[in-house]
Amino acid sequence: MDYINDMLDISKKKDLKRAVHFQKKLAFHVLLSGTPVLDTVLGFDASYLEKDGKEYIISTCSLFERKENNFVFWKNFYSIDEVFFPYIPGFFTFREGVGFISCWDKIPLSVRKKVSLIMVDGHGIYHPHRAGLAVYIGIVTQIPTIGCAKQGFLGNYTMPGLKRGDRAPIIFDDEIVGIVLRTRDYVKPMWISPGHLISIDSLSRVVLDLTENYRIPLPIREAHIFSKKLKNML
DNA sequence: GCGACAG
DNA sequence: ATCTTGTCGC
Ligand SMILES: [Mg+2]
């Protein structure tokens, strides 16, 4: 099946019935194993803008490379597209997935193939059909992907301890689908779940390695700042 | 049926 | 996500 064109078509037609079916198929192909190598990490985020009654999404991909024991900014990419699909919890892929595909297209193949991990501002398998935005991106790119959300969603979880590194499992449909992870002392935690090609056990190690002075993982934070900067320049 | 509900 | 300045607290 054509994950890209099918998703784009569903998004443009706002076809929720097909969207549900699409997500169920997506979930079937998720692989919850693997510990990604952290060489080049990509962070994805987006911001929105209204112009002449039309809504546009400003999508950004920020790349960081590991040098020794820390990550150094490499380069940014962006795209701007009109969006038709509204924000509906549980159908985020059909809104921001469109932006990701567009931005990913801007990245040269030589750069793309260096990416060893993708971090997404949203959920992975912690989703009604175990097919959040991070799952979609992971399956389309076939690169290990992690969903890093700023808020919880469905299911059950308890809040972790107050220190960086403290965590608690997220349970949905009687299964552990991710973790609530404290990335900074005394600061609101992050809700982390696998997108594709990564195990739940390796989630905390990877996310903590990419968060030091801020709550949000470095690549996602940079993508967020960059998309807003672009927006304010238009 | 009602309310909650990633960004 | 977006509309928005200063301000309080860890
Ligand atoms: Mg975002």
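Chain identifiers are assigned alphabetically (A, B, ...) following the order of the sequence lines, protein sequences preceding nucleic acid strands; residue numbering begins at 1 within each chain.
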Rounded interatomic separation in angstrom, taking [atom1] from [X] and [atom2] from [N]:
X        : N      : atom1 : atom2 : answer
A:Trp191 : B:dC5  : CH2   : P     : 12 Å
A:His224 : B:dG7  : NE2   : P     : 10 Å
A:Arg184 : C:dG9  : CZ    : C1'   : 13 Å
A:Ile216 : B:dA6  : CD1   : C1'   : 12 Å
A:Phe94  : C:dA1  : CZ    : C1'   : 19 Å
A:Asp185 : C:dC10 : CG    : C1'   : 10 Å
A:His129 : B:dA6  : NE2   : P     : 15 Å
A:Asp121 : C:dA1  : CG    : C1'   : 10 Å

Inset, instruction - Check for a donor-acceptor pair, side chain of A:Thr40 on one end and backbone N or O of A:Ser116 on the other, with a separation under 3.5 Å. - result: no
Give [X] one of three labels, base, sugar-phosphate or nothing, depending on what nucleic acid heavy atoms sit under 4.0 Å from its own.
X        : answer
A:Phe91  : base
A:Gly147 : nothing
A:Asp45  : sugar-phosphate
A:Leu133 : base
A:Phe92  : base

Inset, instruction - May I ask you to decide whether A:Arg112 forms a salt bridge with A:Asp105, counting only side-chain N to carboxylate O separations under 4.0 Å? - result: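 So A:Arg112 pairs with A:Asp105 through a salt bridge.
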Legend entry - Comparing A:Tyr186 and A:Ser47 on DNA chain C - which has the more 5′ nearest nucleotide: A:Ser47
Inset, instruction - Would you please test A:Trp191 and A:Val177 for side-chain contact (heavy atoms from CB on, under 4.5 Å) and show each step? - result: CA-CA 10 Å; A:Trp191 280 258; A:Val177 296; over 6 Å; no
Legend entry - Residue A:Ala149, side-chain heavy atoms: nucleotide from B:dG7, B:dC5, C:dA1 that is nearest: B:dG7
Just N and O in the side chain of [X]: are any of them under 4.0 Å from OP1 or OP2 of [N]?
X        : N     : value
A:His123 : B:dG7 : no
A:Lys150 : B:dA6 : no
A:Gln151 : B:dG7 : yes
A:Lys231 : C:dT2 : yes

Legend entry - Side-chain donor-acceptor pair present, A:Tyr136, A:Glu96, cut-off under 3.5 Å: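 Per modelled atom types, A:Tyr136 and A:Glu96 side chains form no pair under 3.5 Å.
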Legend entry - A:Phe22/A:Phe94 under ring pair (Phe, Tyr, Trp, His ring centres under 6.0 Å): CA gap, chis, key distance, verdict: CA-CA 10 Å; A:Phe22 180 88; A:Phe94 305 96; 5.8 Å; yes
Legend entry - A:Tyr87 ring over B:dG7 six-membered base ring, under 5.5 Å and 30°: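 Answer is yes, a stack.
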